[in-house]
Structure formats: structure tokens, C-alpha cells
Amino acid sequence: MKHAIIVGATSGIGKEVAKLLVQQGWHIGIASRRTEALKTLQTGAPTQIDIQQIDVTDEDAPARLQQLIERLGDMDLFLLSSGVGFQNRDLNPETELDTARTNVEGFIRMVTCAFNYFKKRGCGHIAVISSIAGTKGLGVAPSYSATKRFQNTYIDALAQLSGMQHLNIHFTDIRPGFVATDLLRNGKYPMLMQADSVARHIVNALHRKKRIAVIDGRYRILVFFWRMIPRWLWERLPIKN
């Protein structure tokens, strides 16, 4: 039986991925801040799911992740699905900093812990859910787009570090487009995808150990053209949502 840990598994994409892996026979550990939500998800497959309360912004988050790994017995796959994002047209500093605490500080805590575990174990697979928002700086959500670019670059760096150290660690950077989750509360986004459909694409990418997975095909085309837009023009575009 394969073992996976998903941090950020009680709602949205993480929850749907967890359900699919259970259906495929995986033994999974799920973690989030909300203990009751974890218990609710566990009731669907109590023999296949272990739970752990983890807030990635807390300093003890790596220790709690290690406890979950030990209780699970092993970890073949680590998926980080925990993240926050807000529109912040007024550029409230605390909103920007709160986003960075989760998407940068918490991200580093979790991913470095998984990397060091797999380094000691001898092999493993680290996957993170970032976003196409890391492609360009989005004026309506500065810290969100910037922290997603940070995540893209951090995984690039870890993949190189793994190669430098001759480690057998695979990396998957999952970059969804707009998904109908709590992060997009107002729903005023084009090409909005459903979390269960996105989860199926993600699980397929994980099985293939795909290095970068932009989800879905429409967004792969969008990102291709986004990258071609020169900076001077991008900064003048009337981006609305």
C-alpha cells in the first residue's frame, strides 16, 4: 500500500484529491487547522485515513508533520495544498503579510520538512499546489501572485538541489487556473473549474510524476499567451474580476 500525506485536505482541491487517493487504495494522512473537519473526512474511510491538526504558520508544524508520518508508518508522496489568497486592491499591509505567512513561511516549513524526510528515506515525491497566478503579477492580488511565483521558484531550486545531492526525489508543481473554492468567494472569474474535476487532473499528474502541471488545457493556452505579453503592455491592461 502506498502512503501519502496531504496538508490542507479539509476543503477544496486537497479534500477532493484525498478522496480520490483513498478510492485508489492509498493509506493517507491528512492535516489542516480544523480538527473537526479532519474527523469528518476520516469517517469515510477510517482504516485508510490518519489525521493531524497542523497550522503551517506555527513553529511546531514540522514536528506535527513528523508525528503524522510516524503514525502513518511511511510517506511516499507529500502534497501541500494549504494556501490563502485575497484580492487586495487597497493594499492593506496586514492582508499582504498574512498571505506571505502562509504561502511563504508556512510553505517553507512544510516543504523543507518533507525534503529532509525523503533525503533520509532515500526517495520520495513532493507535490505542491501553486497557481497560474505566479506567471504574472496580478494587480488585484499582489501578495498572492508574488507568493505563488515564490513557490514556483522554490520548487525549481529544490529540484536542482536534489540533483546536486544525487537524491531520488521527484517534484510536481501543480498550477491550476481559477477553481471554485473558498479562495474565490465572489465567483466572478472566467473559466471557473470545479474542484473535483481539477483533482482528477492532479491525481493523473501525480501518477505520471509530471514536473509542472498547468490545469487545465484552456489555462495552458492562456499561460502561453500571458508569457508573451511584454511588461509595458501588461502593466496597462485593465484586469478585472
Side-chain angles (χ1 to χ4, degrees), residues 2 4-24 26 28 30 32 41 77-87 99 102-103 107 111 125-141 143-156 159 170-229 234 237 239-241:
K2 292 185 177 181
I5 286 181
I6 304 174
V7 176
T10 55
S11 64
I13 297 171
K15 180 179 179 180
E16 296 300 324
V17 170
K19 289 161 61 177
L20 287 175
L21 292 182
V22 166
Q23 291 173 15
Q24 295 176 4
W26 287 62
I28 67 171
I30 58 174
S32 80
L41 189 52
L77 167 68
F78 174 78
L79 172 63
L80 181 59
S81 182
S82 179
V84 297
F86 308 94
Q87 289 192 26
T99 302
T102 296
N103 295 357
F107 180 92
V111 171
H125 185 183
I126 295 175
V128 300
I129 297 178
S130 59
S131 173
I132 64 164
T135 307
K136 292 278 190 179
L138 301 177
V140 297
S143 60
Y144 180 73
S145 52
T147 56
K148 291 304 175 179
R149 175 71 68 85
F150 168 87
Q151 293 177 359
N152 300 154
T153 305
Y154 200 89
I155 291 301
D156 287 345
H170 297 276
F171 297 86
T172 300
D173 183 353
I174 301 158
R175 303 178 184 180
F178 300 133
V179 185
T181 65
D182 291 344
L183 291 182
L184 304 183
R185 295 173 182 85
N186 62 23
K188 298 177 182 178
Y189 291 81
M191 300 191 298
L192 201 62
M193 300 180 293
Q194 297 302 309
D196 58 347
S197 174
V198 172
R200 288 193 293 271
H201 285 286
I202 289 173
V203 170
N204 180 55
L206 293 176
H207 286 320
R208 294 165 56 198
K209 291 185 170 62
K210 194 168 182 180
R211 178 62 184 81
I212 296 175
V214 177
I215 301 171
D216 58 8
R218 297 168 300 169
Y219 284 101
R220 285 193 287 274
I221 295 170
L222 177 64
V223 167
F224 174 80
F225 285 107
W226 270 11
R227 292 184 184 279
M228 296 176 64
I229 299 174
W234 179 265
L237 288 177
I239 304 296
K240 296 179 181 180
N241 46 30

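All values reported here derive from a predicted model rather than from experimental measurement.
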Would you compute the distance between atom CD1 of Ile6 and atom NZ of Lys15 and round it to the nearest 0.5 angstrom?
12.5 Å

Any donor-acceptor pair under 3.5 Å from Thr147 side chain to Tyr144 backbone:
yes

Would you say the side-chain atoms of Thr172 pair up with the backbone N or O of Lys210, donor to acceptor, closer than 3.5 Å?
yes

How long is the straight-line distance from OG1 of Thr153 back to CD of Gln151, given to the nearest 0.5 Å?
10.0 Å

Could you tell me whether Arg211 and Asp156 have a side-chain N and a carboxylate O separated by less than 4.0 Å?
yes

Can you measure from NZ (Lys148) to CZ (Phe107) and round to the nearest 0.5 angstrom?
8.0 Å

All heavy atoms of Ser145 vs all of Leu138, minimum pair found to be OG-N, 3.1 Å

How many angstroms lie between NE2 in His170 and CZ in Arg208, if you round to the nearest 0.5 Å?
14.0 Å

N/O donor-acceptor pair under 3.5 Å between Arg220 side chain and Ile215 backbone:
no

Looking at Asn103 and Val84, would you say the former's side chain and the latter's main chain have a donor-acceptor pair under 3.5 Å?
yes

With heavy-atom distances below 4.5 Å as the criterion, would you say the side chains of Met193 and His201 are in contact?
no

Quick one: does NZ or CZ of Lys136 land under 6.0 Å from the six-membered ring centre of Trp234, within 45 degrees of the ring axis?
yes

Nearest heavy-atom neighbours spanning Leu21 and Ala4
CD1-CB, 4.1 Å

Side chain to side chain contact (heavy atoms under 4.5 Å, CB included), that's the test. Do Ile221 and Phe225 meet it? Break it down for me.
CA-CA 7 Å; Ile221 295 170; Phe225 285 107; 3.7 Å; yes

Here the pair of heavy atoms bringing Gly83 nearest to Thr102 is CA-CG2, 3.9 Å

Tell me, do Pro176 and Ile13 make a side-chain contact under 4.5 Å, heavy atoms counted?
yes

Using 0.5 Å steps for rounding, measure from the NE2 atom of His125 to the CG atom of Leu79.
9.0 Å

Option among Ile129, Val128, Ile155 that satisfies the side-chain contact (heavy atoms from CB on, under 4.5 Å) test with Ile174:
Ile129

Any donor-acceptor N/O pair, Ser197 side chain to Gln194 backbone, under 3.5 Å
no

Should Arg175 and Val223 be marked as a side chain to side chain contact (heavy atoms under 4.5 Å, CB included) after you check the CA-CA gap, both sets of side-chain angles, and the distance that decides it?
CA-CA 10 Å; Arg175 303 178 184 180; Val223 167; over 6 Å; no

Rounding to 0.5 Å, atoms NZ (Lys19) and CG (Asp196) come to a distance of 7.5 Å

Scanning both residues in full, the closest heavy-atom pair of Ser32 with Thr10 reads OG-CG2, 3.1 Å

